[in-house]
Trainee: 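What follows is a structure written as structure tokens; I'll ask about it next.
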Amino acid sequence: MNDIKLAVLGGEGVGKSALIVRFLTRRFIGEYASSSECIYRKHLSIDGRQLNLELYDPCSQACEGKSTLTDQIHWADGFVVVYDISDRSSFIKAKAIVHLIRELNLGVAKRDADTLVFLVGNKQDLCHVREVRREEGQRLAAESQTQFYELSAAEHYQEVVLMFSKMVHNVSLGGKAKERRRRPSGSKSMAKLINNVFGKRRKSV
Ligand SMILES: Nc1nc2c(ncn2[C@@H]2O[C@H](COP(=O)(O)OP(=O)(O)OP(=O)(O)O)[C@@H](O)[C@H]2O)c(=O)[nH]1
């Protein structure tokens, strides 16, 4: 498979854009515009293979032409489901998303299912105000057969890159692309991505 489609899903403000931007640009930028959903594209070379990566960043707020979570799940080959370790409600949301992915992807071979969903507890730098224990994340990951990461988009560059690279690698090994349904709308170039940093309320940390 040369086209890799990843969806980064999770509750509002958990750091989905921050993780994507960290991976694509190495930078952590405090604020991102979030008024539209978008797909970031990147050309990658892994193990001598040329890959076209599409990373889907949903819009948490109501926005025009917004795709449903079900559309997003049908579109993607691999999933990074994010919660904020300092926000328990985001963990509950992540749990619901992981369960929905499992429900909608029942036909996917177990071998693939285990490797194509990652559960990520973000904002590890906020462990002094932690609401979700690491063990709870590990338990959910074990129960739902996903791989677990706890990291910080703000402080960890290498870990973020490793996590996304592992997912790209897993998807690239994962056989045929699934049949596409509705394609989530929106597309952004890297230049736009770098400019896409203002216009969002600040969450106090
Ligand atoms: N302390 C800390 N803050 C973070 C981290 N990652 C993201 N943030 C902050 O969390 C807030 C939300 O980050 P975003 O990347 O916009 O989160 P999002 O999930 O894309 O948000 P929506 O698109 O609105 O759902 C911003 O203020 C970021 O600066 C992190 O690892 N640590």
Side-chain angles (χ1 to χ4, degrees), residues 6-42 53-73 75-76 78-98 100-101 117-134 137 148-164 167 184-188 190 192-205:
L6 302 186
V8 181
L9 305 175
E12 188 176 344
V14 295
K16 300 180 293 295
S17 306
L19 286 164
I20 293 172
V21 171
R22 226 350 173 182
F23 172 55
L24 295 178
T25 72
R26 295 177 164 241
R27 303 193 212 174
F28 175 71
I29 301 165
E31 298 300 315
Y32 307 85
S34 61
S35 53
S36 62
E37 55 185 18
C38 54
I39 296 171
Y40 298 110
R41 296 196 164 82
K42 188 177 170 75
L53 172 63
E54 294 192 347
L55 267 170
Y56 174 69
D57 184 2
C59 164
S60 299
Q61 299 156 16
C63 59
E64 207 182 323
K66 185 173 168 163
S67 57
T68 65
L69 183 56
T70 304
D71 290 334
Q72 295 158 16
I73 293 171
W75 173 83
F79 304 90
V80 176
V81 180
V82 186
Y83 66 92
D84 170 354
I85 68 151
S86 68
D87 174 7
R88 174 154 296 276
S89 67
S90 74
F91 182 64
I92 292 164
K93 169 103 189 183
K95 194 175 194 168
I97 293 172
V98 167
L100 187 62
I101 294 171
V117 186
F118 286 177
L119 178 68
V120 173
N122 186 36
K123 309 197 186 181
Q124 198 188 40
D125 54 293
L126 298 183
C127 55
H128 51 289
V129 285
R130 180 191 280 278
E131 289 185 0
V132 184
R133 284 178 294 117
R134 186 184 175 88
F148 178 68
Y149 293 82
E150 197 176 87
L151 43 75
S152 163
E155 293 190 349
H156 303 153
Y157 168 66
Q158 294 294 349
E159 286 86 341
V160 172
V161 170
L162 271 173
M163 183 272 291
F164 276 110
M167 174 56 83
S185 57
S187 168
K188 277 211 170 45
M190 289 292 286
K192 276 192 180 158
L193 185 156
I194 290 163
N195 289 333
N196 189 22
V197 294
F198 298 111
K200 187 168 181 179
R201 80 189 155 72
R202 177 173 287 277
K203 186 173 180 189
S204 62
V205 289

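Order of listing sets the numbers, starting from 1, for every ligand and every atom in it.
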Trainee: Looking only at heavy atoms, which two atoms of A18 and F28 are closest? And how far apart?
Mentor: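 Of all heavy-atom pairs spanning A18 and F28, the closest is CB-CE1, 3.8 Å.
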Trainee: Run the numbers for me: atoms of ligand 1, each under 4.0 Å from some heavy atom of G13, listed by number.
Mentor: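 Contacts of ligand 1 toward G13, numbered from 1: 10 (O), 12 (C), 17 (O), 18 (P), 19 (O), 21 (O), 22 (P), 24 (O), 25 (O).
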Trainee: Which heavy-atom pair separates L9 from Q72 by the least distance, and what is that distance?
Mentor: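 Scanning both residues completely, I find the closest heavy atoms to be CD2-OE1, 3.3 Å.
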Trainee: Which pair of heavy atoms, one from L151 and one from M163, lies closest together, and at what distance?
Mentor: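 Heavy atoms only, the tightest pair is CD2-CB, 4.3 Å.
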Trainee: Out of all atoms in ligand 1, which are within 4.0 Å of some heavy atom of E12? Include the element for each.
Mentor: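 Going through ligand 1 atom by atom, the ones under 4.0 Å from E12 are 24 (O), 25 (O).
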Trainee: For S152, take its heavy atoms, then give the atoms of ligand 1 lying under 4.0 Å from any of them.
Mentor: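 Ligand 1 atoms under the 4.0 Å threshold to S152: 31 (O).
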Trainee: Under a 4.0 Å threshold between the charged nitrogen and the carboxylate oxygen, would R130 count as salt-bridged to E150?
Mentor: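 R130 and E150: salt-bridged.
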Trainee: Using distance alone, decide if ligand 1 has a nitrogen or oxygen within less than 3.5 Å of any nitrogen or oxygen in K16.
Mentor: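 N/O-N/O distance below 3.5 Å exists for this pair.
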Trainee: Kindly write out the residues that satisfy side-chain hydrogen bond (donor to acceptor under 3.5 Å, both in side chains) with N122, not counting sequence neighbours, or none if the list is empty.
Mentor: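 N122: no side-chain hydrogen bond (donor to acceptor under 3.5 Å, both in side chains) contacts found.
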Trainee: Please compare V160, I20, N122 and report which has the shortest non-hydrogen distance to atom 6 (N) of ligand 1.
Mentor: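 Residue with the shortest heavy-atom distance to the ligand atom: N122.
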Trainee: For the pair K123 and D84, evaluate salt bridge (charged side-chain N to carboxylate O under 4.0 Å, His left out) and give the outcome as yes or no after the intermediate values.
Mentor: CA-CA 6 Å; K123 309 197 186 181; D84 170 354; 3.4 Å; yes
Trainee: Measure V21 to ligand 1 on non-hydrogen atoms and call it side chain, backbone, both or neither using the 4.0 Å cut-off.
Mentor: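 The answer is neither; V21 stays 4.0 Å or more away.
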Trainee: Under 4.0 Å from a heavy atom of A18: give me the atoms of ligand 1 that qualify, with their elements.
Mentor: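 Matching atoms, with element in brackets: 6 (N), 7 (C), 15 (O).
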Trainee: Restricting to side-chain contact (heavy atoms from CB on, under 4.5 Å), what partner residues turn up for Y157, sequence neighbours left out?
Mentor: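 R22, R26, V161.
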Trainee: Can you tell which part of V14 has a heavy atom less than 4.0 Å from ligand 1: side chain, backbone, both or neither?
Mentor: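 Both backbone and side chain.
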Trainee: Counting heavy atoms only, name the option from Q124, H156, K123 that's nearest to atom 3 (N) of ligand 1.
Mentor: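 Residue with the shortest heavy-atom distance to the ligand atom: K123.
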Trainee: Show which atoms of ligand 1 fall inside a sub-4.0 Å distance from at least one heavy-atom site of A153.
Mentor: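 Listed by number with element: 6 (N), 31 (O).
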Trainee: Counting heavy atoms only, name the option from L126, D125, L151 that's nearest to atom 32 (N) of ligand 1.
Mentor: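 Nearest option to atom 32 (N) of ligand 1, by heavy atoms: D125.
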Trainee: Heavy atoms only: give me the nearest A153-V160 pair and the separation to one decimal.
Mentor: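 The answer is CA-CG2, 4.2 Å.
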